[in-house]
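Following: one structure in structure tokens, then a few remarks.
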There are 2 protein chains.
Amino acid sequence: MTDVVTPPTSPVSRERSKEIKRLSVISTARQVRMLSRAELTELTGLSPATLTPLVRELIAEGYLIERGPGTSRTGRPRAMLEFNPRAELVAAVSLEPSRISCEIADSDGAVIAHRTVRLTGDIVDTICRFVPELAGDGLSALRGVAIAAPGVSSGGAVRLAPSVGLVEARPVGESVQQRLGVPVVVDNDVNLMAAGEHAAGAGSDVADLLLLHVADGIGAGLVLDGQVRRGAGGAAGEVGFLPLDPADRGHDGIGPFEARWSENAVAERMVALAPGRRPDSPVAALVELAATDERAAAYLDELLTAWARLIVSCVCVIDPGRVLLSGAAAQLDDAAVARLQTLVTAAAPSHTEVRRAVLGDRAVLHGAVSYALSAAAAAGLPTP
Amino acid sequence: MTDVVTPPTSPVSRERSKEIKRLSVISTARQVRMLSRAELTELTGLSPATLTPLVRELIAEGYLIERGPGTSRTGRPRAMLEFNPRAELVAAVSLEPSRISCEIADSDGAVIAHRTVRLTGDIVDTICRFVPELAGDGLSALRGVAIAAPGVSSGGAVRLAPSVGLVEARPVGESVQQRLGVPVVVDNDVNLMAAGEHAAGAGSDVADLLLLHVADGIGAGLVLDGQVRRGAGGAAGEVGFLPLDPADRGHDGIGPFEARWSENAVAERMVALAPGRRPDSPVAALVELAATDERAAAYLDELLTAWARLIVSCVCVIDPGRVLLSGAAAQLDDAAVARLQTLVTAAAPSHTEVRRAVLGDRAVLHGAVSYALSAAAAAGLPTP
DNA sequence: CACACTTCCTTCCTACGGCGAACGAATTAT
DNA sequence: ATAATTCGTTCGCCGTAGGAAGGAAGTGTG
């Protein structure tokens, strides 16, 4: 009857505050890996008296494992506690055209199980059968699922999604969430990569970054103040649409910039520069060729100039402080990256560091882990 | 001795949770203005038993005022409580070249006192003398101070700041904070405007927006997920530096885009189009002239096209969903705004609404109120 | 006009979590 | 051995949250 939309839950119910402490201890333990109760007192600010029963609880639940006594100069040695990454598992599902790949990882991002299958039948069905099967007896530790889809975003912008038969992102997420009973996040792959590099890669030391992913198209993932930002319609980072050259024209959901400067475009140019079969890694091939071929060198510089303008444009809008090159852009060698850095520094209004992303293919997985863990945390702790 | 950097305060001390409830009640009351305890139970989720003493406390402190019984169909009438905006005052200080203007406002943004003085001597001194003087006996209700400086940002980017003799933003904020004993926020005026429009203007219904402010330069303020985002170095929104046309060149801290398309540039062009004295509001003058003069109409369209490209660039990066035109850009008439909307829609990858900002000069004030209130809230509730 | 009824607010009381303090435990220094 | 030192635990007080019950203040109805 009274179907309250916002169940007017108390902002500070009693259990909530306990939950907060639990999470505080768990996240501290996750970072430090091996610590004693005394260290927990220092790091969390909780009193020893509060910690004793809490730690007991966490040991019982498998989050912490009691190890032998540690070292100490004098006094009673501290009983060490080890964080058990296996206590929290997440599933990262990656939708690709006609395939689904799934990985079960612990909270370190260590892959415990993975498999790839050809997509047959309903996506939701496949995922809901697949994940529990892979997780095995670790299913009870599953804390969240992150689904990466190319070019799709939570808002339902379905630019590239039809290629995987995904019409709308949200329903898939909700269906899976209902059937598996754990939080599910759906996001596009570039956002997940950005989250991954932020959590465990070349951006783990900063709160803001922009990941520029060059592939068939060009997209960016945006982390501001430690969070992936998707924009109002989930279309943040569609930098392939930047109108940097009035002469460029996009078409059919391809932006004007990416039409001219994506990996595809480079591949086509490479065929002209070095007749033969189309290279698998055109950017890497271009960098190599540029060392000996003047025309290639000129084109490389043209490419770097274009990418630099793209980066500068992003920097002017959001000032990420750090830009990570991903996908084909990560194939640039040191000299090319340095050249890009120089071009960016010359035109950007604020200090910006240009680096290669470091996680490569594993970025999506790490992002999924990070998403799923924070989704799990958010589920236990609804925003007040 | 043990000078702990992060005083390892407990994440959930006892007082904290009480503070959370207080804030929850206060913010609810601020929104609803006039409500009963029964409504508070519904809206906050707190039990009546918890509310009784809390409300009593708030009445004693002047946050709430008990009014007569309200209407009710049947049963005991609810005793109405009115939120007292005067219970929380904020000071908004605006630094301009050679002047300081200060306003004391209540939490509705209603100005209680204001004054402008010529800047003489030390900025910090002036502010610290000025604010208490204006606040008078309301000083005890002062919850925060927001200082707006042109072009300066929290990171210490001092592009335009030398004009007000401000070498570094942070020390000023900290000094004032120490001497006045309330939270102080320093930010650039465009960010404050964005916050103001978000809190009380044309963006109060959305969580994301971009405010494009055209004046001598061109800057943008960015609200994402309900918060003003400043970027890693505080230089987010420096869209005047966007390299949209390789031919444009910036100089001396002026970006390439704003060098050509700012209010200044329009003013110069207007002198050529309509010889005479330089108009005070060149954009308004241009719009007016364009109705009768073909060359002016052509230039107006050129200008709108340039601004549209600027907006589309921002949209591609962050997808704000709504763009507010401020400063000189707010002088466009409905037809021009519609034209801009059309141009943006044609090129942007996501749905974006273009509107005029509505607060005008008062935007900075409202932003300051919003900043100061949330700074006060944050001070009472350090991030766990 | 009395009575029931409804709704609102308050007071009483209990439960429970946080944390200070005292205490037992385990080791090194003397 | 004994003292010293550091760790971890148990005890018990305190304070807050919230359930339950009761008083308060109206409206409808016989």
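All of these numbers come straight from a predicted model, not from anything done at the bench. Here is the naming used below: chain letters follow the sequence lines, and residue numbers restart at 1 for every chain.
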Please tell me if A:R37 has a side-chain N or O lying less than 4.0 Å from either OP1 or OP2 of D:dT9. yes
Closest to the B:P77 side chain, choosing from C:dT11, D:dA25, C:dA21: D:dA25
Figure out the CD/P separation between A:E66 and D:dC7, and round it to whole Å. 15 Å
Check whether any side-chain N or O of A:D208 sits under 3.5 Å from a backbone N or O of B:G231 as a donor-acceptor pair, and report yes or no. no
Provide, to the nearest angstrom, the distance between the CZ atom belonging to A:R22 and the P atom belonging to C:dG17. 13 Å
Please tell me which of the listed nucleotides, D:dG18, C:dG20, C:dC9, lies nearest to the side chain of B:R78? C:dC9
Atom CD of B:E57 and atom C1' of C:dT10: how far apart are they, to the nearest Å? 16 Å
Have a look at B:A38 and say if it touches a base, only the backbone sugar-phosphate, or nothing, with a 4.0 Å heavy-atom cut-off. sugar-phosphate
Counting side-chain heavy atoms from CB outward, which of C:dT11, D:dT6, C:dA21 is closest to B:R56? C:dT11
Counting just side-chain N and O atoms, does A:T74 come under 4.0 Å of either OP1 or OP2 of C:dT28? no
Does a donor on one side chain and an acceptor on the other come within less than 3.5 Å for A:Y371 and A:D187? yes
From the candidates C:dT10, C:dC19, D:dG18, the one with an atom nearest any side-chain atom of A:S47 is C:dC19
Separation of D:dG18 P from B:L46 CG (nearest whole Å): 7 Å
The single option from A:L35, A:L54, A:L46 that satisfies side chain to side chain contact (heavy atoms under 4.5 Å, CB included) with A:L40 is A:L35
Rounded to whole Å, how long is the line connecting atom CD of A:E42 with atom C1' of D:dT6? 12 Å
Minimum-distance nucleotide (side-chain atoms of A:T50 versus D:dA20, C:dT28, C:dC19): C:dC19
B:L64 has an atom CG; how far is it from atom P of C:dC9, in whole Å? 13 Å
Write down the distance between CD (B:E39) and C1' (C:dC9), rounded to a whole number of angstrom. 14 Å
Indicate yes or no: does B:R22 engage B:E61 in a salt bridge with an N to O separation below 4.0 Å. yes
A:L89 backbone acceptor or donor facing A:D106 side chain under 3.5 Å: no
Which nucleotide, D:dC11, D:dT6, D:dG18, lies nearest any side-chain atom of A:R76? D:dT6
Mind calculating the distance between CE (B:M80) and C1' (C:dC9) to the nearest angstrom? 14 Å
